[in-house]
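First comes the structure, then the notes that go with it.
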Protein chains: 2
Amino acid sequence: MSGIEDVARAAGVSKATASRALTGHGYVAAATRERVARVAHEMGYVPSSSAASLATGRTRNVGVVMPYLNRWFFAEVLEGIQEVLLESGYDLTLYDAKPGTEGRRRVFDDFLARKRFDGLIAVGLEPDDHELERLVAIGRPVVSVVAIGDNAGVVRLDDEYAARRATTHLIELGHTKITFLGGVSVTSGPHVDRARLSGYQRTMTEAGLTVTHVRSEVSLPGGYAAAVDLLGDPERRPTALLATCDEVAIGAIIAARRLGIPVPSALSVVGIDNHEFAEMFSLTTLEQSPRSQGMQATRMLLGQLEDPARVAQDVSIQARLIVRNSTAPPPGTPSVTVGVGVTS
Amino acid sequence: MSGIEDVARAAGVSKATASRALTGHGYVAAATRERVARVAHEMGYVPSSSAASLATGRTRNVGVVMPYLNRWFFAEVLEGIQEVLLESGYDLTLYDAKPGTEGRRRVFDDFLARKRFDGLIAVGLEPDDHELERLVAIGRPVVSVVAIGDNAGVVRLDDEYAARRATTHLIELGHTKITFLGGVSVTSGPHVDRARLSGYQRTMTEAGLTVTHVRSEVSLPGGYAAAVDLLGDPERRPTALLATCDEVAIGAIIAARRLGIPVPSALSVVGIDNHEFAEMFSLTTLEQSPRSQGMQATRMLLGQLEDPARVAQDVSIQARLIVRNSTAPPPGTPSVTVGVGVTS
DNA sequence: TTGAAAGCGGTACCAT
DNA sequence: ATGGTACCGCTTTCAA
């Protein structure tokens with residue numbers, strides 16, 4: 001395994017010159033640079049990253065902390081991050097921080113403290129005070145996808161807006177019995193679900209409609225289970241459902257089908273995400289593109305790395321409504337109304 | 001940021017002793033060790049990993065290469081790997097190697113060559129000759145999940161067996177028109193699907209039954225689309241479907257429901273995976289636990305790292321059949337037959 | 001434009 | 001059991 005010294009010798013220059021030629025920092029005669037580069041290539045020279053890191057203090061590595069890897073949103077964000085890092089020659093070190101686990105504690109207390117990265121991307125982390133403090137203590141730039149509650153750079157969906165938009169869509173179709181499916185409450189549970197629930201509640205209240213909220217585990221099977229429960233009871237059954245995310249919405253659609261409730265003629269369903277399955281289920285939803293959020297966050301971080309003076313930004317995304325075939329006017333509406341009320 | 005030298009000074013010992021006390025290598029008086037440890041802790045000392053790597057040649061980091069992050073199998077494997085590495089204090093560097101992309105080329109030609117890891121885990125990689133050569137050239141232990149075609153350590157599902165077992169299950173129920181859904185052919189496409197298709201074909205042939213294979217993109221929407229096509233044509237419609245994986249199987253079940261074909265009374269469906277959605281769809285399937293495959297592979301790799309003499313193993317897993325409610329005897333079978341023929 | 005040499009922060013050998 | 005010191009391989013200042 002040849003080091004830079006071997007390359008220098010073979011090219012007939014000093015280590016210093018070889019380093020300059022290879023890194024592009026400092027003056028080197030064009031001819032020299034070329035010769036060194038060629039020799040290095042021929043010898044199959046690959047710089048030792050630990051030596052370079054030790055000398056420069058930079059790792060050319062970015063850390064990514066996220067609580068789930070196997071959920072659509074997170075996997076997509078991760079792919080987006082990976083794509084940009086790959087282009088930029090940065091490695092990506094992944095830290096899995098599942099809420100409430102010993103592993104998460106170790107990630108914050110041990111792993112991150114090692115600073116084996118130049119910067120960090122936190123995805124949907126919802127850190128508590130202690131964790132936030134650790135994050136800040138690292139002293140490296142942090143950008144987050146989904147708010148994190150401090151002054152770091154952020155890329156996020158405007159959740160409140162998305163929920164308002166979705167609710168408005170249903171109200172405009174003529175619905176009055178609209179139930180929000182998912183999350184815990186406005187004051188507890190993941191921030192994302194709280195913001196969406198809140199957007200729904202405000203819109204309903206402003207329209208003089210009654211708010212109804214049914215909890216559901218935030219996953220496809222969770223939405224299915226909750227919807228089976230809700231829709232099975234004719235007393236409680238609404239004419240429209242706003243789910244906290246597409247996974248829950250799709251679970252609900254599957255539940256409705258099993259119960260023989262036609263969507264959208266007897267029940268409208270809206271989600272938030274534009275999940276990869278949304279099209280297959282003709283789901284009306286609000287688009288958030290997690291992949292491009294990951295890409296944006298990464299670009300923001302890389303920008304800060306190359307110019308520490310750069311101010312951290314806060315990018316808020318207004319989701320676009322995608323109307324498919326899971327929403328229609330409520331049953332009994334004269335067919336002159338607006339909308340795409342085609343029966344499935 | 002205090003270094004080991006500061007710790008040594010504060011504890012009144014030499015750098016060497018401090019290092020020994022902190023790493024646990026070599027003799028140190030118990031009292032000394034304790035004092036050094038305490039001082040280090042008080043000072044918030046965190047060793048520089050690049051310095052340590054440079055000195056020891058070991059990174060305490062494991063690389064993971066996989067072609068997809070957003071598919072169930074891969075995400076699960078990744079979580080399993082992450083879990084074991086976290087326990088062992090290893091970092092995890094992720095390399096996304098999507099087939100046919102420029103990014104993949106760079107991963108193999110540039111990123112992996114930097115050897116910023118002590119060992120590598122390749123998941124479902126299906127490397128071509130060039131890529132395999134690069135992998136070997138790295139000169140670090142490699143363990144793969146899903147075969148890789150060389151002499152590395154492997155943890156994998158016995159795909160041929162899984163398909164045979166699934167096919168046998170359907171044959172025992174009395175089915176004769178069984179179609180395999182997914183994959184490309186026995187000689188092309190991903191190895192996994194080829195092996196499963198092959199297991200199906202042999203079992204069918206041995207039973208004197210006719211082989212029918214319908215291609216499908218290997219995803220839930222893919223299975224849905226392919227099944228809509230197949231089941232929509234009464235001429236071609238079989239009484240049972242064996243899907244190359246649960247995602248395809250579930251797509252097919254959804255398609256069947258949409259077409260008004262009751263599962264399992266008019267159509268039996270078997271998958272391979274035991275996907276997180278399998279239970280919700282009452283899917284009969286062969287269980288493979290990707291999470292534990294990831295964990296096993298990681299333990300195998302860590303074992304090789306601490307004892308390079310250790311022989312690489314080849315762990316092959318025989319999937320267990322989980323009978324749920326997506327399989328039943330074919331329509332028209334007298335009800336005295338064996339099986340779990342409950343109509344959905 | 002190039003070279004010599006001093007680190008970067010640990011580890012581990014060799015003495016003591 | 002502990003200390004002195006020579007590396008690990010690269011970057012970067014300073015002098016030439």
Item to check | B:G294 backbone acceptor or donor facing B:T298 side chain under 3.5 Å | outcome: yes
Checklist entry - Does a donor on one side chain sit under 3.5 Å from an acceptor on the other, for B:S50 and A:S50? => result no
Checklist entry - Between A:I4 (CD1) and C:dA5 (P), how many Å, whole number? => result 17 Å
Checklist entry - Donor-acceptor pair, A:E131 side chain versus A:D128 backbone, under 3.5 Å? => result yes
Checklist entry - Counting any heavy atom closer than 4.0 Å, what does A:S19 reach on the DNA or RNA strands: base, sugar-phosphate only, or nothing? => result base
Checklist entry - NA contact type, B:T32, heavy-atom cut-off 4.0 Å: base, sugar-phosphate, or nothing? => result sugar-phosphate
Checklist entry - For the side chain of A:R106 and the backbone of B:L86, is there at least one donor-acceptor N/O pair under 3.5 Å apart? => result yes
Checklist entry - How sharply is the helix from C:dT1-D:dA16 to C:dT16-D:dA1 bent, taking the axes over five pairs at either end and rounding to 10 degrees? => result 40°
Checklist outcome for this item: Heavy-atom closest pair (B:D118 atom, B:T59 atom, distance to 0.1 Å) is OD1-N, 2.7 Å
Item to check | Interatomic distance, B:R35 CZ vs D:dA1 C1' [rounded to whole Å] | outcome: 12 Å
Item to check | Nearest-angstrom distance from the residue atom CZ of B:R58 to P of C:dA12 | outcome: 11 Å
Next on the checklist: Between B:V46 and A:A29, which residue's closest nucleotide on DNA chain C lies nearer the 5′ terminus?
Outcome noted: A:A29
Item to check | Whole angstrom value for the distance that separates P of C:dT11 from CG of B:L22 | outcome: 8 Å
Checklist entry - Contact class for B:T23 vs. all strands (heavy atom < 4.0 Å): base, sugar-phosphate, or nothing? => result sugar-phosphate
Item to check | Rounded distance (Å) that lies between atom C1' of C:dG10 and atom CZ of A:R114 | outcome: 15 Å
Checklist outcome for this item: To the nearest angstrom, the NZ-C1' distance between A:K115 and C:dC8 comes to 15 Å
Item to check | Rounded distance in Å - CG (B:L54) to P (D:dG9) | outcome: 7 Å
I'd like a table of atom pairs between the protein and nucleotides 3-6 of chain D - only N or O on both sides, under 3.5 Å - with the distance next to each one.
{"unit_1": "D:dG3", "atom_1": "OP2", "unit_2": "B:S14", "atom_2": "N", "d": "2.9"}
{"unit_1": "D:dG3", "atom_1": "OP2", "unit_2": "B:S14", "atom_2": "OG", "d": "3.3"}
{"unit_1": "D:dG3", "atom_1": "OP2", "unit_2": "B:T17", "atom_2": "OG1", "d": "2.8"}
{"unit_1": "D:dG3", "atom_1": "N7", "unit_2": "B:R20", "atom_2": "NH2", "d": "2.7"}
{"unit_1": "D:dG3", "atom_1": "O6", "unit_2": "B:R20", "atom_2": "NH2", "d": "3.4"}

Checklist outcome for this item: Contacts of B:A55 and A:A30 projected onto DNA chain C by closest heavy atom; the upstream (5') one is A:A30
Next on the checklist: Given D:dT11, D:dC8, C:dT2, identify the nucleotide with an atom nearest to the side chain of A:Y27.
Outcome noted: C:dT2
Checklist entry - Just by distance, do the side chain of B:E126 and the backbone of B:H191 share a donor-acceptor pair under 3.5 Å? => result yes
Next on the checklist: I need the single residue from B:L125, B:V65, B:D96 that forms a side chain to side chain contact (heavy atoms under 4.5 Å, CB included) with B:R104. Which is it?
Outcome noted: B:L125
Next on the checklist: Pairing donors with acceptors under 3.5 angstrom, does anything connect the side chains of B:H130 and B:D109?
Outcome noted: yes
Next on the checklist: Between A:R20 and A:A16 (side chain of the first, backbone of the second, donor and acceptor by atom type, cut-off under 3.5 Å), is there such a pair?
Outcome noted: yes
Checklist entry - For B:E5 and C:dT11, what is the distance between atoms CD and C1' respectively, to the nearest whole Å? => result 13 Å
